[in-house]
Structures are given as structure tokens and as C-alpha cells.
Amino acid sequence: MRQNVLVIDDQTSNALLVAEILSGISADIDVVTFTRPLEAVRYAADHPLDLVITDFSMPDLDGLGVIRLLKRMEHLSNVHPMILDHAAA
């Protein structure tokens, strides 16, 4: 069974790293990445998702805001959200 995962992080390298890790877990995981949260929300409006992994701190819309908007969408009301936070070195 295919799993659809949305990864959102304003740092491209972080989004790609998470996508690479997920893709290595199983060939049945389809990962789509976005660096702009509002674009990701627009994408999610038209696509089924099983998991959303989002950065917490992003410009324009933070991770909690992303999850709130997605949970309002009927087809995503049961999606599993995960918020990541990373510290700059």
C-alpha cells in the first residue's frame, strides 16, 4: 500500500534529507517536498496524504499554522502530523 508523505521545510537541504530518509525506508513511500508552507497547503488541498512532516519555524506560516489549515480540510482530517524543530549551529 502506497503512503503519501508531505515534507515542508524552508531549508531545502533539510527537506531533501527527510525525503531521502523516508524514500530509503520503503519503495512504497511517495514523498513530495516544499520549501514554502503556503504552496504546500495549496498542494495538500488537492492530494491525499498519510503523513505531514513540517518544520516548526518558517517564514509566512509556522508548522502549527500549517497543521491547523490542513486539519480543516475534510480529506485530511485524519492525517498524521509531525513537527520538526532544529537548532542552528
Rounded to the nearest 0.5 Å, the CD atom of Gln3 sits from the CD1 atom of Ile29 at a distance of 7.0 Å
Shortest non-hydrogen contact from Leu70 toward Leu76: O-CB, 3.5 Å
Would a single hydrophobic cluster contain both Val52 and Leu38, if residues Ile, Leu, Val, Met, Phe, Trp and Tyr are joined by side-chain heavy-atom contacts under 4.5 Å? yes
Can you tell me which residue pairs pass the salt bridge (charged side-chain N to carboxylate O under 4.0 Å, His left out) test with a partner in residues 17-30, sequence neighbours excluded? Arg2-Asp28, Arg2-Asp30
Please round to the nearest 0.5 Å and tell me the distance separating atom CG of Leu69 and atom CZ of Arg42. 11.0 Å
With hydrophobic residues grouped by side-chain heavy-atom distances under 4.5 Å, do Leu51 and Leu6 end up in a single group? no
Nearest 0.5 Å, please: how far is OG in Ser57 from CG in Leu64? 10.5 Å
I'd like to know whether Leu22 forms a side chain to side chain contact (heavy atoms under 4.5 Å, CB included) with Ile53, so could you lay out the CA-CA distance, the side-chain angles of the two residues, the decisive distance to 0.1 Å, and finally the verdict. CA-CA 11 Å; Leu22 291 170; Ile53 300 175; 3.8 Å; yes
With Thr54 as partner, the option from Leu84, Ile8, Leu61 fulfilling side chain to side chain contact (heavy atoms under 4.5 Å, CB included) is Ile8
Any heavy-atom pair between the side chains of Thr35 and Met58 that's under 4.5 Å? no
Closest approach of Thr33 and Ala19, non-hydrogen atoms and distance? CG2-CB, 3.7 Å
Check which hydrophobic residues are tied to Ile21 through side-chain heavy-atom contacts below 4.5 Å, counting indirect links as well, and list them. Leu17
With side chain to side chain contact (heavy atoms under 4.5 Å, CB included) as the test, would you mind laying out the steps for Phe34 and Val7 before giving the verdict? CA-CA 6 Å; Phe34 284 89; Val7 176; over 6 Å; no
Between Pro37 and Pro59 the two heavy atoms that sit nearest each other are CG-O, 3.8 Å
Are any side-chain N or O atoms of Lys71 and backbone N or O atoms of Val79, one a donor and one an acceptor, separated by less than 3.5 Å? yes
If you draw a 6.0 Å radius around CE in Met82, do more than 12 non-hydrogen atoms from other residues or ligands fall strictly inside? no
Would Val5 and Val32 satisfy side chain to side chain contact (heavy atoms under 4.5 Å, CB included), going step by step from the backbone distance to the final call? CA-CA 6 Å; Val5 180; Val32 177; over 6 Å; no
Would you say the side-chain atoms of Asp62 pair up with the backbone N or O of Gly65, donor to acceptor, closer than 3.5 Å? yes
Val18 and Asp9: side chain to side chain contact (heavy atoms under 4.5 Å, CB included), yes or no, with the steps? CA-CA 10 Å; Val18 172; Asp9 196 312; over 6 Å; no
Could you pull out the closest heavy-atom pair between Val31 and Ser23, with the gap in Å? CG2-OG, 3.9 Å
Rounded at 0.5 Å granularity, tell me how far CZ in Arg72 sits from CD1 in Ile67. 12.5 Å
Check whether His75 reaches the backbone of Pro48 with its side chain - one donor and one acceptor, N or O, closer than 3.5 Å. no
